[in-house]
Amino acid sequence: MKTTQTPFEVHTYSVGDWALPYLVNGDASGLEDGEQEQIDEWLQFTTHTWHDADDNKWVYSHECINTESYDEFGIDEITGLRGPVYEVELLFRRV
């Protein structure tokens with residue numbers, strides 16, 4: 001049996017636990033005014049399509065939350081503030 005593997009490029013970010021319900025499930029019900037837009041802007045900036053040195057095109061595929069990476073006093077890369085964060089891996093696939 002022949003299998004093919006899709007190559008992925010992984011970018012890891014520290015993201016505040018406050019943003020995870022929206023990032024994972026699209027649930028903005030617990031967010032305060034302006035927070036959804038702040039997450040959307042961060043996600044749009046971090047998931048833009050890019051080309052590597054060999055001109056291969058990479059596009060955002062999905063995210064993965066490392067639930068064992070909890071840090072009570074980490075720096076949230078969305079806000080730049082200290083607080084509870086998890087590592088969020090954004091996976092890009094080559095097209």
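The shown structure was predicted, so the numbers you read here are calculated from the model rather than taken from an experiment.
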- Message: Could you work out, with ring pair (Phe, Tyr, Trp, His ring centres under 6.0 Å) as the rule, every residue matching Tyr86, not counting sequence neighbours?
- Response: Tyr70
- Message: So, using side-chain contact (heavy atoms from CB on, under 4.5 Å) as the criterion, who are the partners of Ser29 when residues are at least two apart?
- Response: Asp27
- Residue pair Trp18 / Leu31, side-chain heavy-atom distance below 4.5 Å: yes
- Would a hydrophobic clustering, with Ile, Leu, Val, Met, Phe, Trp and Tyr connected at side-chain separations under 4.5 Å, put Leu90 with Ile75? no
- Task: Mind checking the CG-CZ spacing from Asp76 to Arg82? Nearest 0.5 Å is all I need.
- Result: 11.5 Å
- Query: Under the side-chain contact (heavy atoms from CB on, under 4.5 Å) test, which residues partner Leu81, sequence neighbours left out?
  - Reply: Thr79
- Query: Is the side chain of Arg93 donor-acceptor paired with the backbone N or O of Ser61 at a distance under 3.5 Å, no angle test?
  - Reply: no
- Item | Among Leu43, Val24, Ile65, side chain to side chain contact (heavy atoms under 4.5 Å, CB included) partner for Val88 | Ile65
- Query: Does Leu23 belong to the same Ile/Leu/Val/Met/Phe/Trp/Tyr cluster as Val85, with side-chain heavy atoms less than 4.5 Å apart forming each link?
  - Reply: no
- What's the spacing between Glu35 CD and Tyr22 OH if we round to 0.5 Å? 12.0 Å
- Message: Tell me which pairs pass side chain to side chain donor-acceptor pair (under 3.5 Å) where either residue lies in residues 7-17, with sequence neighbours left out.
- Response: none
- Query: How long is the gap from CD on Glu87 to OG on Ser69, to the nearest 0.5 Å?
  - Reply: 4.5 Å
- Message: Running the 4.5 Å side-chain criterion over Ile, Leu, Val, Met, Phe, Trp and Tyr, what cluster does Val10 land in, apart from itself?
- Response: Phe8, Leu91
- Please report the closest heavy-atom contact between Ile78 and Ala19, naming both atoms and the distance. CD1-CB, 4.0 Å
- Enter the distance from Arg94:CZ to Lys57:NZ here, rounded to the nearest 0.5 Å. 14.0 Å
- Task: Taking the side chain as every heavy atom from C-beta outward, state whether Val15 and Trp42 have any atom pair closer than 4.5 Å.
- Result: yes
- Qualifying residues under side-chain contact (heavy atoms from CB on, under 4.5 Å), relative to Asp54, sequence neighbours excluded: Asp52, Asn56
- Message: I'd like to know whether CD of Glu37 has more than 12 heavy-atom contacts from other residues, nucleotides or ligands below 6.0 angstrom.
- Response: yes
- Is a donor on one side and an acceptor on the other found under 3.5 Å between the side chain of Glu41 and the backbone of Gln38? no
